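From a predicted model like this one, the values you see are computed outputs, not experimental measurements. Worth knowing before you read on, the calculation uses all heavy atoms, side chains too, and leaves out hydrogens, waters and symmetry mates. Quick note on labels: first sequence line is chain A, next is B, and so on, each numbered from 1.
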Amino acid sequence: MKLVVAIIRPEKLEDVQQALAERDVYLMTVTDVRGCGRQRGYTEVYRGTEVRIQLIPKLKLELAVNEAFVEATVEAIVHAARSGDTGTIGDGKIFVLPLEDCVRIRTGERGSEAIGP
Amino acid sequence: MKLVVAIIRPEKLEDVQQALAERDVYLMTVTDVRGCGRQRGYTEVYRGTEVRIQLIPKLKLELAVNEAFVEATVEAIVHAARSGDTGTIGDGKIFVLPLEDCVRIRTGERGSEAIGP
Amino acid sequence: MKLVVAIIRPEKLEDVQQALAERDVYLMTVTDVRGCGRQRGYTEVYRGTEVRIQLIPKLKLELAVNEAFVEATVEAIVHAARSGDTGTIGDGKIFVLPLEDCVRIRTGERGSEAIGP
Ligand SMILES: Nc1ncnc2c1ncn2[C@@H]1O[C@H](COP(=O)(O)OP(=O)(O)OP(=O)(O)O)[C@@H](O)[C@H]1O
Ligand SMILES: Nc1ncnc2c1ncn2[C@@H]1O[C@H](COP(=O)(O)OP(=O)(O)OP(=O)(O)O)[C@@H](O)[C@H]1O
Ligand SMILES: Nc1ncnc2c1ncn2[C@@H]1O[C@H](COP(=O)(O)OP(=O)(O)OP(=O)(O)O)[C@@H](O)[C@H]1O
Ligand SMILES: [Mg+2]
Ligand SMILES: [Mg+2]
Ligand SMILES: [Mg+2]
């Protein structure tokens, strides 16, 4: 089991949901976050160095998936979250974390069976 | 050390806090999130397939705990977050992730000692 | 690769950003969260035991970094997020999680190359 965490542009949520649904991935948790990098944002001089600070609204998607779904999940997100034909700076990141256990609260099921529908 | 992440119904927060406190688990981080699944929500036809999309307000609880507290933490959440006697669809999920290190910023303590009170 | 997750006081964000920028760490994701512990907050009597509940606004920073940056990242945050000379209760926590993969959505790059600029 893995926890796939994706930071995407907010306007890409529906495209990503649909790309995931085509691969039978439906369950996820969505959080409003702000991304911080160097492009855009405002500039400050700090100890003689110019520091550019940005806090841009993004969405964080978290998807707990079984091993067999990891690559399809990553590919669906990469494909659907890209802007334009060749992608644009700020399109986002995906992180894959190990997941040791999962519990469905309603039934008490654990592990792979508890991940999905 | 593990990071226990629970997605629960917002109205269950106090019950879960009290169940955790009875097991001497007090420290946690709470985030407003939206859960996405197939029940309820709205329906769209996409490439000939009906896709149901939902974004329902949930709370995410994150608890870094030492090994000896993992099962008690999971059990407390399962017990307190369930709706009704037999549980109801949408009651939530718990994820257990490996945690390699923890640092208490005030003291600089690291590892198991830094987790709790 | 690791995912460094820090819970800090909201007023410390800019100091932490600058301390990280001095160590060439620029990319991070920021979330509004609430911290729950035992100090302050309100008190309730539950089954004869006094339970103190608090939900205090904090920021969660998430930074995916390559191995060579983990210690510098942790030290920068500890240093910049501390209040006063010796630190104050509630200054925050840092968690280090294993990170198995990273993907830059724009380019499709994976692993260590995808983490940073
Ligand atoms: N290393 C990282 N750690 C944590 N969050 C990150 C990291 N890299 C990117 N993010 C998050 O993802 C969002 C989008 O990142 P972005 O797509 O700009 O990555 P990038 O590496 O700068 O790639 P690009 O060159 O395509 O812009 C950021 O605003 C931030 O929220
Ligand atoms: N695999 C998953 N990945 C990420 N988040 C999930 C996952 N499964 C559930 N969640 C989160 O937990 C919330 C509650 O899930 P829910 O209880 O409906 O799970 P379920 O597997 O559909 O079980 P049930 O059949 O009892 O409804 C979701 O709205 C979502 O935020
Ligand atoms: N074990 C934990 N699991 C999850 N979140 C935690 C944990 N410990 C602390 N936090 C988060 O970090 C925030 C700040 O914690 P805090 O600095 O009060 O930690 P502490 O262990 O009580 O140290 P101190 O004695 O310095 O107050 C909390 O409000 C909570 O959001
Ligand atoms: Mg960028
Ligand atoms: Mg459900
Ligand atoms: Mg404290």
Q: Would you check if B:Leu97 and A:Leu97 make a side-chain contact, meaning some heavy-atom pair closer than 4.5 Å?
A: yes
Q) How far apart are the C-alpha atoms of A:Arg106 and B:Thr88, what are their side-chain angles, what is the distance that settles it, and do they pass the side-chain contact (heavy atoms from CB on, under 4.5 Å) test? A) CA-CA 6 Å; A:Arg106 174 173 60 89; B:Thr88 310; 5.5 Å; no
Q.
Let me confirm one number: the CZ-CG distance from A:Arg104 to B:Asp91, rounded to the nearest 0.5 Å.
A. 11.0 Å
Q) Quick check: are there more than 12 heavy atoms from other residues, nucleotides or ligands sitting under 6.0 Å from CD of A:Glu113? A) no
Q. Under a 4.0 Å N-O cut-off, is there an ion pair linking B:Arg34 with A:Asp32?
A. yes
Q: Specify which of A:Leu3, A:Ile115, A:Thr29 makes the most heavy-atom pairs with chain B at under 4.5 Å.
A: A:Thr29
Q | B:Arg82 side chain vs A:Ile105 backbone, donor-acceptor pair below 3.5 Å | A | yes
Q: With a 4.5 Å cut-off on heavy-atom pairs, point out which of B:Gly92, B:Ala6, B:Gly84 contacts chain A the most.
A: B:Gly92
Q: Could you tell me which portion of A:Leu59 (side chain, backbone, both or neither) has an atom closer than 4.5 angstrom to a non-hydrogen atom of chain B?
A: side chain
Q: Measure distances from B:Val74 to the heavy atoms of chain A and classify the residue's part below 4.5 Å as side chain, backbone, both or neither.
A: side chain
Q) Rounded to the nearest 0.5 Å, what separation is found between the SG atom of B:Cys36 and the CG atom of A:Leu13? A) 7.0 Å
Q: Compare every heavy atom of B:Pro98 with every heavy atom of A:Pro98, then report the nearest pair and how far apart it is.
A: O-CD, 3.5 Å
Q: With rounding to the nearest 0.5 Å, note down the distance linking CZ in B:Phe95 to CE in A:Met1.
A: 10.0 Å
Q: To the nearest 0.5 angstrom, please state how far the CD atom of A:Gln17 sits from the CG atom of B:Leu55.
A: 5.5 Å
**Q.** Pairing of B:Lys58 and A:Glu62 as salt bridge, 4.0 angstrom limit
**A.** no
Q. Which atoms of B:Ser83 come close to chain A, meaning under 4.5 Å heavy atom to heavy atom: side chain ones, backbone ones, both, or neither?
A. neither
Q.
If I compare all heavy atoms of A:Cys102 with all of B:Lys93, which pair ends up nearest, and what's the gap?
A. SG-CD, 3.9 Å
Q: Give the intermediate values and the outcome of side-chain contact (heavy atoms from CB on, under 4.5 Å) for residues B:Val33 and A:Val30.
A: CA-CA 6 Å; B:Val33 299; A:Val30 180; over 6 Å; no
